[in-house]
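Only this structure's heavy atoms are used, side chains among them; waters, hydrogens and symmetry mates stay out. Position 1 is the first residue of the sequence; numbering continues from there.
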Amino acid sequence: MTASERHSALIEAMIADGTLTDAALIHAFRSVPRHRFIPETGALTARGGVLDATNDPERWLAAVYADNAIVTQVDESGIPRDREAPAPREPEPAAPAPEAASASSSAAPTVLARMLELAGLAAGNTVLEIGTGTGWNTALLAHRLGDGAVTSVEIDPRLAGTARGALRAEGLSPAVHVADGYGGLVDGAPYDRIVSTCGVRRLPPAWLDQVRPGGLVVCPWGLLEGAGVLARVECPGDGTARASFHGGVGFVPLRTPDPAAPPARDSGQQPDEYRLTQTDPLAPLMAFTTAFALSVMVPDWRVRRRWIGTGSGVWVCDREGGSWVRVYPYGTSWMIEQGGPRSIWDEFEEALALWAELGSPEPDRFGLSVSDDGAHRVWLDSADGRAWDV
């Protein structure tokens with residue numbers, strides 16, 4: 001199939017399954033092919049496969065028009081650390097992430113389509129995009145609203161320059177600034193919409209300050225890699241915000257001023273307690289619905305895949321690594337070891353029991369409220385219902 005045929009097939013599939021419904025957005029997606037914004041060399045598939053349009057053009061083109069993220073920049077180690085999940089109709093199982101995250105990626109096509117549909121774009125809207133990346137989403141916004149209505153910020157000067165070149169080649173000229181997306185961009189504020197392709201754990205105060213009263217912020221939100229959601233955030237203009245959640249999504253995290261957490265690595269500590277179980281203890285951490293619930297209901301934990309001689313397990317720890325859990329196959333059973341002042345696995349079991357008692361809610365039954373003092377609370381079914389500070 002040619003690039004044009006693959007592009008058309010992708011758009012028609014998103015229309016057929018209801019991902020794309022807005023006529024103006026459909027026209028934008030049809031008019032802005034993804035392959036013109038993906039580097040011909042140096043990119044990786046979501047699973048880490050090398051893409052090279054010169055040596056293997058068919059594989060490159062097939063990857064570009066698959067419904068997956070494409071990693072376009074990696075960290076200094078050269079290893080893509082965080083992989084954006086495809087945008088499945090039913091969220092894929094969450095999975096412990098590897099140790100490092102990609103610096104930039106081109107989001108899966110359905111992720112962008114869902115984000116832009118949630119933004120409720122209309123003629124006359126002004127938009128601030130956080131994370132220019134390859135420029136594909138910037139181009140879709142500019143085609144939908146016009147160059148003058150779109151401002152984009154990118155923290156990496158090289159990425160920003162490459163994106164400007166790709167946009168010019170398409171005859172588009174939205175404003176692309178080199179700036180830290182955490183701080184938004186005061187010039188041009190207030191905006192009717194802020195759309196971030198970077199995921200956040202907490203909504204940056206600058207975004208709430210820079211969106212027009214009654215405006216929206218749309219972004220990936222999540223406390224656990226692999227178990228994020230798309231958030232549609234309503235901003236009344238008084239410093240508060242209220243978000244509804246819409247389906248599972250992976251994401252590249254927004255860079256923030258907060259100090260980075262130490263690596264989540266098993267350093268061989270001896271457990272304070274251990275137990276054997278016949279029931280697969282990894283299932284709740286691998287299933288999207290339960291992993292999301294655990295991320296909200298149990299504070300301060302991270303998980304990483306752990307490989308040992310008996311098979312694949314996981315390592316769970318708090319931010320500083322003082323409390324931890326080691327899970328691994330042990331014959332026909334599973335071994336669960338815990339150490340530190342917290343019994344994190346016990347907290348998991350209590351949270352899962354509560355989740356079941358509450359009716360095993362899907363992530364879209366949860367929502368987020370931000371108070372004028374910046375406090376974030378995730379609630380179930382309504383802002384007045386059961387809630388957890390996050």
Side-chain angles (χ1 to χ4, degrees), residues 46-48 75 79-85 91-102 199-202 220-229 248-253 258-275 277 279-308 310-330 334-355 363 366 378 388 390:
R47 297 187 177 278
D75 72 348
I79 301 172
R81 301 184 299 184
D82 180 89
R83 299 162 185 169
E84 180 170 355
E92 289 189 340
E99 207 41 72
S102 67
V200 298
R201 297 170 60 92
R202 298 176 67 83
W221 180 91
L223 301 172
L224 180 69
E225 293 175 38
V229 290
V249 65
F251 52 85
V252 172
D258 299 325
R265 293 196 181 107
D266 183 348
S267 54
Q269 296 101 314
Q270 292 300 306
D272 296 326
E273 60 174 292
Y274 61 88
R275 71 186 77 163
T277 179
T279 304
D280 180 4
L282 300 188
L285 298 177
M286 301 298 167
F288 172 76
T289 300
T290 45
F292 177 84
L294 287 172
S295 75
V296 168
M297 299 167 73
V298 178
D300 181 25
W301 63 278
R302 298 177 292 156
V303 59
R304 289 293 182 269
R305 179 75 74 181
R306 181 180 184 274
W307 298 92
I308 63 172
T310 59
S312 174
V314 296
W315 168 262
V316 180
C317 66
D318 62 11
R319 180 179 175 85
E320 299 303 327
S323 295
W324 56 269
V325 182
R326 182 187 294 126
V327 182
Y328 56 92
Y330 190 84
W334 291 87
M335 177 67 76
I336 301 172
E337 301 176 346
Q338 296 193 92
R342 289 174 60 191
S343 295
I344 296 177
W345 200 262
D346 292 5
E347 294 177 30
F348 282 175
E349 292 177 337
E350 292 169 6
L352 288 170
L354 176 59
W355 175 76
F366 293 84
V378 172
W388 297 265
V390 295

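With sequence neighbours excluded, the residues satisfying side-chain hydrogen bond (donor to acceptor under 3.5 Å, both in side chains) with D346 are R275, Q338. For P281, the side chain to side chain contact (heavy atoms under 4.5 Å, CB included) partners are T277, V327, W334, I336, W345, not counting sequence neighbours. Take D280 and apply the salt bridge (charged side-chain N to carboxylate O under 4.0 Å, His left out) test, not counting sequence neighbours, and it matches no residue. Residues forming a side chain to side chain contact (heavy atoms under 4.5 Å, CB included) with T289 (at least two apart in sequence, or on another chain): W355, E362, P363. Here R201 pairs with nothing under the side-chain hydrogen bond (donor to acceptor under 3.5 Å, both in side chains) rule; sequence neighbours left out. Checked against ring pair (Phe, Tyr, Trp, His ring centres under 6.0 Å), W315 has the following partners two or more places apart in sequence or in another chain: W324. Under the side-chain hydrogen bond (donor to acceptor under 3.5 Å, both in side chains) criterion, E350 pairs with no residue, sequence neighbours left out. Annotation: ring pair (Phe, Tyr, Trp, His ring centres under 6.0 Å) contacts of Y328 (sequence neighbours excluded): none.
Of all the heavy atoms in G339 and D272, the pair that sits closest is CA-OD2, 3.4 Å. Between V298 and A351 the shortest heavy-atom distance is CG2-CB, 3.6 Å. The shortest non-hydrogen separation linking S323 to P341 is OG-CD, 3.2 Å. A pairwise comparison of heavy atoms in V296 and V390 identifies O-CG1, 4.3 Å as the closest pair.
Within the structure, every pair that satisfies the salt bridge (charged side-chain N to carboxylate O under 4.0 Å, His left out) test and touches residues 314-330, not counting sequence neighbours, is listed here: D266-R326, R326-E337.
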Test log, rule side chain to side chain contact (heavy atoms under 4.5 Å, CB included), inputs L224 and W301:
CA-CA 8 Å; L224 180 69; W301 63 278; 3.6 Å; yes
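F348 places a side-chain heavy atom less than 4.5 Å from the side chain of V316. Residues M286 and V314 are in side-chain contact: their nearest non-hydrogen atoms beyond the backbone lie under 4.5 Å apart.
Each of R305, R304, R302 was compared with E225 under the salt bridge (Lys or Arg N to Asp or Glu O under 4.0 Å) criterion, and only R304 meets it.
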